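Here's the structure, in structure tokens; my notes come after.
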Amino acid sequence: MTTPYPFSAVVGLDDLRLALLLTSVSPAVGGVLVRGEKGTAKSTVVRALAGLLPQVTVVHGCRFACDPAAPDPGCPDGPHTPGGPSDDRPASLVELPVGATEDRVVGTLDLQRALSDGVKAYEPGLLAAAHRGVLYVDEVNLLPDHLVDLLLDAAAMGRAHVERDGVSVKHAARFLLVGTMNPEEGEPRPQLVDRFGLVVTVAAPRDARQRAEVVRRRLAYEADPAGFATRYEQLEHEYAAHIAAARAVLPSVTLPDAELDRIARVCLAYGVDGMRADIVVARCAVALAAWHGRDRVTADDVRDAARLALPHRRRTDPLDPPGTDEQKLEDALAEAERQAEEDRAASPDPSEPSDSPEDGDPEDDGPGGGGGPSGPQNPSGGTGQSTRPPAESDAPPAPGEAPAPGLDPSASADDSGSGQSPPGAVAVAGTAYRTRTLRITARGEGGHAGRRSPAFARRGRVVGARPPQGKLAGAPHLFATLRAALDRAALDGATSGGGPMIRVLPRDLRESVHVGREANLVLFVVDASGSMAARKRMTLVKTAVLSLLRDAYQRRDRIGMITFRGADAEVVLPPTSSHEVGVQRLAALRTGGRTPLAAGLRAAVATIATERRRDPRRRPLLVIVTDGRATSGPDPLRLTPALSGVATVVVDCESGPIRLGLARKLAAALSAEVMPLEQLDATTVRRGPGVAPAPAPDRAYRRAA
């Protein structure tokens, strides 16, 4: 077994380490989401945390890690007798890979025992293995939707429900959820982000000495992992003891009413959604006080807790640029302090407990001293600003990195980042709306879980059964399997005399055929020529594309964007899952020049061909936003055969009393659906035409092959 990298040997990353330690002290805080660029030791720190957690006592032989002091009455391996035989083992660290299947996560029917012994047995999954431990999801933003739904249910209820393949099981699943992600690959669903109590953004050190120390320690670890770990063994023990001591103190920590009011005011001033933010900040502040050995929450604890728990809860639109706005948080903290001062001045209450700690504690600044962003440092860990245990002496913390804000729609040509296009007008998009449903007619293979187009997938409505093509890919169809075994046994009995015993052979196995939804590649080809340059008209176009981008985000699509103007087309956004980048590129889109429509179509052909080589199972949906005019380059209709077979929608932007109908001619040549710009809004008509309605299930799969 490989020796893990020691937690105490990590250089810098103070916020990340503090967040992980706080959730270890109080799992009720709700886990940690780590956002950061590649190569910043996110996974290393998370995997090192497991070695610091106290051991857990489990019921002997229980596959679900029940606590012998309070066993789960609904445990599938129960009932357990309180005080019965028990075992002590380290807290588990279970990694959930992005490519995991649903039955591996929640468990499923033990098919081998069901077919060989005739017993309906349940095989636990990763959620059962992570109970009372850590569930780590690397690249959590790439996790398929159906697995995200399972995590949301388990995180919300603390239990896993399994209802599949004739199995109905419920078991406890309380775990510390830790996820890491690279923002360049797209953002996770807001519902999943909200389930993480704390979110930390990490970056590589910007100090040369600190970077050199990181490399020095890494090389020393790779040369002798066991010897390197021995050097930090004492620090590891001190961290573990500190966590155990903080857990013991946690129940006795009190949250004064004054600090609870401060939390409520900060959350109101910061503009968070719902009440979960208030609860998480309160739990985090209590854990901070316990970590620093105090029995009472202070203003510094509230400030540090708000810094870790609030920034990711302020986004009201899923396509808003993510990141921490430190100034807005400081303003919210200052506003909360100002309101508290006004309340105290308006109605002084001598009986109200003071915000200051017990007499003799020199570190607290009193009721008015908690508003500063920094405070006195105490190497003993006595203040809310210290994030290290008493024995730690690492290099100074890495400086934080400011989040990348979204581009200003009114930016100049130099601010757009392209540097290639000639200067032109920049229109600002309006408020996005719900768009008409666009789907691909034919069924796909379901290679990518999503919500746009019908496909044969691993999940969805069962429409039939078929023999597996190679290894069993989906859930077995039990009735079709048994029927195939009966048919084979009847034939064997007719030729060999048969017998009372019917055995299921591998060739009898049938897999279920599901019809669900898949995600597509939505490729936008947007006319940015001078004919679109009228500010009001381009505002409508940008609003429409922004609405389509939001629709693509909600349906889990991959997106790309091509613009054409002047003499050529430009792939301003290669196909990606980062919809936020698409919004930024749309905001910086400039207009002007002639209309090379053929160049835009040629770029679309090349982009789709490249994506098909890279990902042949993802089907493209081409959305062309144009008025159909072509004032530069060859005739665009000559390129339409190259797009044959590609599902296409032409959004007709032509306006005015006199219309040439050029977009309709383009749509006819592409066998595409044409949709006027004003009819893209789903609320303008009762029923949208879409690309095509979902067809009826294939009857060919209704009988077993």
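Every value quoted in this text rests on a predicted model; they were computed, and no experiment measured them.
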Pairs involving residues 597-609, ordered by first then second residue, that meet salt bridge (Lys or Arg N to Asp or Glu O under 4.0 Å) (sequence neighbours left out) = none
Considering all heavy atoms, the nearest Met538-Leu589 contact = CE-CD2, 3.7 Å
Minimum heavy-atom separation for Pro596 to Phe564, with atom names?
-> O-CD1, 3.6 Å
At their closest point, which heavy atom of Ser632 faces which heavy atom of Ala567, and how far apart are they?
-> OG-CA, 4.3 Å
Residues forming a salt bridge (charged side-chain N to carboxylate O under 4.0 Å, His left out) with Arg594, sequence neighbours excluded = none
Distance only, no hydrogens: is a donor on one side chain within 3.5 Å (strictly under) of an acceptor on the other, for Thr481 and Asp508?
-> no
Can you find a heavy atom in the side chain of Leu438 that is under 4.5 Å from one in the side chain of Val522?
-> no
Heavy atoms of Gly31 and Leu176 approach each other most closely as CA-CD1, 3.6 Å
Check: Tyr433/Thr543 side-chain N/O donor and acceptor closer than 3.5 Å = no
May I ask you to decide whether Arg617 forms a salt bridge with Glu518, counting only side-chain N to carboxylate O separations under 4.0 Å?
-> no
Please lay out, stage by stage, how His477 and Arg510 fare under the test side-chain hydrogen bond (donor to acceptor under 3.5 Å, both in side chains).
-> CA-CA 6 Å; His477 197 296; Arg510 299 291 185 268; over 6 Å; no
Looking only at heavy atoms, which two atoms of Ala528 and Thr563 are closest? And how far apart?
-> CB-CB, 4.4 Å
Arg218: what forms a salt bridge (charged side-chain N to carboxylate O under 4.0 Å, His left out) with it, not counting sequence neighbours?
-> Glu222
Selection residues 622-633 - residue pairs positive for salt bridge (Lys or Arg N to Asp or Glu O under 4.0 Å), sequence neighbours left out = Arg537-Asp627, Asp627-Arg629
Any pair with a residue in residues 555-564 that passes salt bridge (Lys or Arg N to Asp or Glu O under 4.0 Å), sequence neighbours left out, goes on the list, sorted by first then second residue, please.
-> Asp145-Arg556, Arg452-Asp557, Asp551-Arg555, Arg558-Glu611
Value rounded to 0.5 Å, distance of CZ in Arg443 from OG in Ser453 = 11.5 Å
Excluding sequence neighbours, so at least two apart, what forms ring pair (Phe, Tyr, Trp, His ring centres under 6.0 Å) with Phe175?
-> none
